[in-house]
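Below is one structure, written out as structure tokens; the observations come after it.
The chains referred to below are lettered A, B, ... by the order of the sequence lines, with proteins before strands, and numbering in each begins at 1. The basis for the numbers below is simple: all heavy atoms, side chains too, and nothing from hydrogens, waters or symmetry mates.
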Amino acid sequence: MTVVEDRPATADAPPPRRGNPLWAFLRNSWRQLTSMRTALVLLFLLAVAAVPGSIFPQRGVNRENVAEYFAEHPELAPALDRFFAFDVYASPWFAAIYLLLFTSLIGCVLPRLRDHFRALTTVPPDAPKRLDRLPHHDQGQQRPEEPAAVAAEIAKRLRRSRFRTRVRETPDGWTVSAEKGYLKETGNLLFHIAMLGVLVGVGFGQWYGWHGNRLLVEGTDQGFCNSVTQHDESVLGPRVDPSDLPDFCLRMTAFDATFQTNGVPKSFQATVDVSEDGGDHYRPDRFTVNDPLRLDGATVNLIGQGYAPVLRFTDRFGAQQTKVVPFLPIDGMLTSEGVVQYPDVNIDPATGKRDPRLQMGFEGLFLPTGGTDGSAVSKFPAENNPVLYLTAYRGDLGLDSGRPGSVYALNREQIADGDLKKISDERPYVLRPGEKWTLDDGTTLEFVDTRRFATISIRHDPTKVSLLVGSVAGLIGLMLSLYVHRRRVWFRVLPVGGDPAGGSVIEAGGLPRTDYPGFGDEFATLTRHMKEGTP
Amino acid sequence: MAELSNQLMALTVLAYLAAMVCYAGEYAFGRRSHIGRAATRQLVGAGGPGTYEQAGGPATYEEATEVRKESARGEWVGRAAVGLNLLGVVLHLGTTVTRGIAAERMPWGNMYEYILSATLVGSVVWAGVLLRRPAARHLGLFTTLSLVVLLGAAALLAYTPVGPLVPALNSYWFIFHVSTIIISSGIFLLGAVPAAMFLIKNGWDAGRRSFPYTLGRHVGDAGALERLTFRLHAFAFPLFTFGALIAGPLWAEASWGRYWGWDPKEVWAFISWIVYAAYLHARATPSVKRTTATWIAIAGFVTMLMNLFGVNLFFEGLHSYA
Ligand code: HEM
């Protein structure tokens with residue numbers, strides 16, 4: 001049934017050492033750890049341990065959701081955090097389980113490798129005395145040829161069916177032993193070793209890989225070069241130095257999106273200029289959702305998109321500032337929210353001093369297709385009727401406090417403290433492209449235009465190709481392990497009446513070594529062919 | 001076309017439901033089991049009044065005649081059940097195909113279509129088993145019951161109007177990923193039927209006479225059920241491995257940049273995979289009882305259901321495209 005049962009009795013096991021309880025304890029623990037039962041328990045533990053990772057938000061998957069969870073459950077969250085509930089797959093207890101499992105696996109695979117190597121290099125054993133005790137048995141068939149010739153022919157036939165075959169002469173006649181299906185164990189070992197390889201590969205990938213995100217706005221003035229400082233967010237493996245990142249620059253020259261009439265996206269495509277030598281020589285390229293840009297040492301995926309209104313502010317002294325401000329989509333129709341902040345406006349040219357009470361901030365929504373009902377939800381993700389709903393604030397934006405704030409929202413504390421005051425009406429002001437909003441102090445905000453932006457992920461995974469090779473090898477091993485069956489057959493050829501010239505009588509026995517319902521048919525076919533002598 | 005698909009869906013569920021009722025009816029007459037048939041045959045062979053003693057068998061000639069009549073009726077109902085079941089499979093196929101035509105793509109772009117296709121696979125494999133081995137008919141009640149429940153849940157909980165694929169799903173790897181997962185899930189789901197029947201039959205054989213075990217009364221050989229369970233799982237496991245752990249990551253790498261990200265859907269696919277691996281292990285370990293191993297297969301079934309319904313209903317993730 002199993003390889004475990006196949007293992008030769010402990011004839012060649014080292015003689016038990018007595019007298020050292022520590023050694024005995026260690027050896028016993030090792031034996032426990034590498035038993036199939038332990039593997040089973042560990043597999044179960046691993047499955048159960050993976051569950052919380054789908055219940056609680058994970059930092060590795062979505063940081064914002066974790067922050068939200070902390071905000072919603074201020075008491076529970078820190079307690080859960082102590083048990084790594086938000087980092088399940090990087091937690092020590094998860095690691096403990098899979099490391100134990102893989103130790104068990106190594107302990108299990110090594111002796112099996114040795115046994116299998118032995119099995120591959122030894123010939124099939126001689127026929128048991130009583131073939132009629134085997135699960136499959138056939139007897140009494142006669143052939144006119146001499147036993148030696150019959151045995152040779154049977155062996156030839158078995159070899160042709162890729163049985164490993166051995167013919168033996170016995171005092172009273174001949175036996176043919178044959179075995180087939182070694183690939184089962186080979187496949188099983190390949191599968192388990194491949195899994196070890198995959199785990200090691202994943203580990204290496206995490207050490208030597210890195211990734212980052214970046215929101216890239218359309219336009220040659222909005223280019224980006226690959227470095228940690230220019231990523232919006234980056235994660236480097238412990239063995240990666242920021243200077244290891246490959247040098248390339250991207251400028252998005254166009255972004256095309258098409259949508260179905262119900263607003264479901266049909267296609268996205270980013271057209272870019274790429275420079276792989278640090279920014280001197282650009283070549284055009286493009287990438288889409290399932291077809292990333294594969295550069296030397298990094299892959300660039302398109303993972304999101306949206307609009308960036310272009311807004312021009314004219315201050316009290318007539319100075320103008322234009323900003324391209326990405327608004328982040330909050331629904332499928334690309335209703336987007338964002339904020340534009342002008343900290344360096346209303347600077348008196350006479351003094352050259354910035355007045356912190358005169359900084360400007362605008363907050364609100366962008367709708368690519370505004371409705372006629374004035375509701376603040378977009379009706380369609382393409383720009384059929386772009387409109388901005390904005391609220392204006394003046395005062396201290398609080399950008400100098402040193403605390404990291406979001407670039408997508410105004411500083412709530414400043415508003416609460418009254419340092420940043422709302423200066424427009426309760427209802428947001430409606431602006432369409434080309435329109436200008438004149439505020440109470442004569443300053444203006446003009447909605448110049450919109451541009452598209454794409455969110456891209458830039459990633460380097462040094463082991464992913466080896467992982468693919470490893471998993472495919474594992475899969476092949478798995479299929480061999482599951483679908484190949486190991487079985488033995490024996491034929492005993494004896495001279496009729498003890499005289500070789502008088503012809504031969506054949507007896508056959510078959511032993512499936514795994515649960516193999518088809519063996520009966522195979523055995524019947526084999527014995528029929530043997531008897532009939534048909535090739 | 002979309003409307004047609006929805007109507008066919010309703011008919012499919014009705015056909016399976018009717019088949020289920022007939023299977024149940026046959027159960028109630030209950031005389032086409034091996035024991036029942038053997039008993040009837042022997043009595044008929046004896047050709048005269050007499051007594052025949054067998055556990056649960058008829059005791060007198062009169063009873064035996066009654067049994068024979070019932071047996072004929074049971075046989076008739078059983079055939080009707082198979083016919084209705086096959087009709088259901090055809091309707092099911094029609095539902096899925098018209099859905100695909102309506103959407104102008106493969107019918108697996110959202111949860112509803114996904115369940116529709118996965119159950120179709122299970123159902124077609126079941127029909128194949130049924131045609132090749134009529135004796136497997138006793139599993140019909142449970143198969144059709146599962147189909148009715150799964151399809152009903154799909155229609156009520158996961159129904160999505162016909163729509164095109166979002167660009168992320170528009171990829172060759174996605175097709176490999178989803179088709180293999182659909183096929184393997186279908187077979188895993190089907191595999192739970194002989195698994196449950198094995199446990200029930202085993203309980204019955206061990207002398208349990210309370211409710212679920214009474215269903216085991218007319219069921220065939222426990223060993224055969226157990227082997228069928230194993231073969232279905234052993235067939236589906238590598239396919240699931242390919243779909244979930246090779247094609248899925250390949251597609252995710254092309255689409256999102258990372259091949260594995262512990263998204264809830266990925267977590268549950270991983271859990272199912274581990275649980276089914278545990279099942280194969282348990283079955284290959286001589287010291288683990290076959291019933292224990294089969295319970296693990298049932299646990300795998302539960303994780304599959306979690307993946308089909310639970311994940312989409314309870315968790316938010318990149319895969320929640322329904
Ligand atoms: C990393 C976790 C593991 C997974 C996912 C896994 C998976 C599998 C699978 C799917 C099979 C089925 C192949 C078949 O039935 O022929 C199998 C077989 C086997 N595994 Fe594992 N395994 C794991 C760890 C281990 C460990 C730790 C051991 C050693 C204690 C082990 C020993 C075996 C043996 C001996 C078989 C052959 C059973 C047979 O004769 O069919 N495996 N494994």
(message) What verdict does the side chain to side chain donor-acceptor pair (under 3.5 Å) test give for S457(A) and W256(B), after you've listed the backbone C-alpha separation in whole Å, the side-chain angles of each residue and the deciding distance to 0.1 Å?
(response) CA-CA 8 Å; S457(A) 130; W256(B) 299 320; over 6 Å; no
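Of the listed residues (V472(A), D291(A), L475(A)), the greatest number of heavy-atom pairs within a distance under 4.5 Å of chain B belongs to L475(A). If you tally non-hydrogen atom pairs under 4.5 Å between each of A282(B), P249(B), A299(B) and chain A, the highest count goes to A282(B). Per-residue counts of heavy-atom pairs under 4.5 Å with chain B were compared for K464(A), H211(A), Q58(A); the largest is that of K464(A).
Taking the six-membered ring for Trp and thresholds of 30 and 60 degrees, F188(B) and H233(B) have ring planes inclined between 30 and 60 degrees apart.
Among the residues in residues 196-204 of chain A, those with a non-hydrogen atom closer than 4.5 angstrom to a non-hydrogen atom of chain B are V202(A).
Only the side chain of Y483(A) comes within less than 4.5 Å of a heavy atom in chain B; its backbone stays farther off. With a 4.5 angstrom heavy-atom cutoff, F235(B) touches chain A via backbone and side-chain atoms both. With a threshold of 4.5 angstrom between heavy atoms, T299(A) approaches chain B through side-chain atoms but not through N, CA, C or O. Heavy atoms closer than 4.5 Å to chain B are found nowhere in I456(A), neither backbone nor side chain. Of the atoms belonging to F270(B), it is side-chain heavy atoms, and not backbone ones, that fall under 4.5 Å from chain A. For I458(A), no part lies near chain B; criterion is any non-hydrogen pair under 4.5 Å. Contacts of D461(A) with chain B are made by side-chain atoms alone, with heavy-atom separations under 4.5 Å and no backbone atom involved.
Applying the side chain to side chain contact (heavy atoms under 4.5 Å, CB included) test between L478(A) and each of I476(A), L480(A), L482(A) identifies L482(A) as the sole match.
S481(A) contributes no side-chain N or O that, together with a main-chain N or O of G477(A), makes up a donor-acceptor pair within less than 3.5 Å. Side-chain atoms of Y259(B) do not come within 3.5 Å of backbone N or O of L245(B) as any donor-acceptor pair.
No side-chain N or O of N202(B) forms a donor-acceptor pair with one of R290(B) less than 3.5 Å apart. For the residue pair S267(A) / T258(A), a side-chain donor-acceptor distance below 3.5 Å is found, with atom types taken as modelled.
In summary, the aromatic rings of Y276(B) and F240(B) are positioned with their centroids too far apart to meet the 6.0 Å limit. Aromatic pair F94(A)/F84(A): ring centres not closer than 6.0 Å. Residues F519(A) and H485(A) keep their aromatic ring centres 6.0 Å or farther apart.
Counting only residues at least two apart or in different chains, side chain to side chain donor-acceptor pair (under 3.5 Å) contacts with residues 38-49 of chain A comprise S35(A)-T38(A).
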